[in-house]
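First up is the structure itself, then whatever we jot down about it.
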Amino acid sequence: MKLKQYIFDYLQKKQPVRNPRFPHLDRPMKILLIYESDPLERNDNIKSIRQDLLKRQMDVTMWGYLERKEIVSLVLPQSRILGLGDYNLLGKPRDYVVRDLMAEHYDLLIDLTTRQLLPLRYLAMFAEADFKVGLNLGEGVHDMLISLPDFTPEQGELAEIEASWLFNQIMGYLTTIKSLD
């Protein structure tokens, strides 16, 4: 496991320097949601978040991850769930995953991950997005981090945190903070 983390850290250092642009939520945007899928691959809470964003005239793409070899969900243009087979032995996404991810450019990446999952950290790192936001899990791939007062990344996972709660926190901050550009 430490080798996988070492490789991630090495690749993260080789990423170009980012020049993030704060999102204007009052305009139509292209948004990428990344999340940990539920075992049944239904993800009703993520779908309701997507519906909320669609009502705001946003174009939403969802990429999930489930720690299982066989994924039964279809790969659709707006929704995809990755599994263990989409990553190599060193934990890095396979070339076709990176190619598909980088083929689209997004205005905003919303990371709804509530625990340190290397496969989702890779997605957040490789995604082409003007602004990336997520929970402060200590990985350093986001432009804005949401921190919880009683949690440090070293404590591990946040099982009690729901993706919908995290989404509401993120949207609250993004709507409160106004962009200067």
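Every value quoted in this text rests on a predicted model; they were computed, and no experiment measured them. Numbering of residues begins at 1 and proceeds along the displayed sequence.
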Subject >> Atom CG of Asn19: over 12 foreign heavy atoms under 6.0 Å >> reply: no
Output for pair (Leu53 CG, Met171 CE), nearest 0.5 Å, gives 5.5 Å
Those residues at least two apart in sequence (or on a different chain) that pass ring-ring contact (aromatic ring centres under 6.0 Å, His included) with Phe126 are Tyr122
Closest non-hydrogen contact found for Asn45 with Ala163 is ND2-CB, 3.8 Å
Between the CD1 atom in Ile81 and the OH atom in Tyr35, the distance rounded to the nearest 0.5 Å is 4.0 Å
Checking Lys132 side chain against Met125 main chain: does a donor-acceptor pair fall under 3.5 Å?
yes
Taken to the nearest 0.5 Å, the spacing of Leu82 CG from Ile34 CD1 works out to 10.0 Å
Practice task
Would you confirm whether Lys47, through its side chain, and Arg42, through its main-chain N or O, come within 3.5 Å as a donor-acceptor pair?
Solution key: yes
Residues pairing under salt bridge (Lys or Arg N to Asp or Glu O under 4.0 Å) where one sits in residues 48-63, two or more places apart or in two chains, turn out to be Asp52-Arg56
Phe22 and Ile177 have their tightest heavy-atom pair at CE2-O, 3.3 Å
* Asked: Are His24 and Asp107 close enough, and set up right, to give a side chain to side chain donor-acceptor pair (under 3.5 Å), and what steps lead you there?
  -> CA-CA 9 Å; His24 295 278; Asp107 299 306; over 6 Å; no
task = Using modelled atom types only, decide if a donor and an acceptor are shared between the side chain of Asp9 and the backbone of Tyr6 within a distance under 3.5 Å.
result = no
Those residues at least two apart in sequence (or on a different chain) that pass side chain to side chain donor-acceptor pair (under 3.5 Å) with Ser79 are none
Quiz item: Where the side chain of Tyr87 meets the backbone of Pro119, is there a donor-acceptor pair that is under 3.5 Å apart?
Solution: yes
Review point. Taking the side chain from Arg18 and the backbone from Val141, do they hold a donor-acceptor pair closer than 3.5 Å?
Key: no
Rounded to the nearest 0.5 angstrom, the CD1-CZ distance for Ile110 and Phe131 is 10.5 Å
Rounded to the nearest 0.5 angstrom, the CG-CD1 distance for Asn43 and Ile49 is 10.0 Å
Separation between CD (Glu36) and CG (Leu120), nearest 0.5 Å, reads 7.0 Å
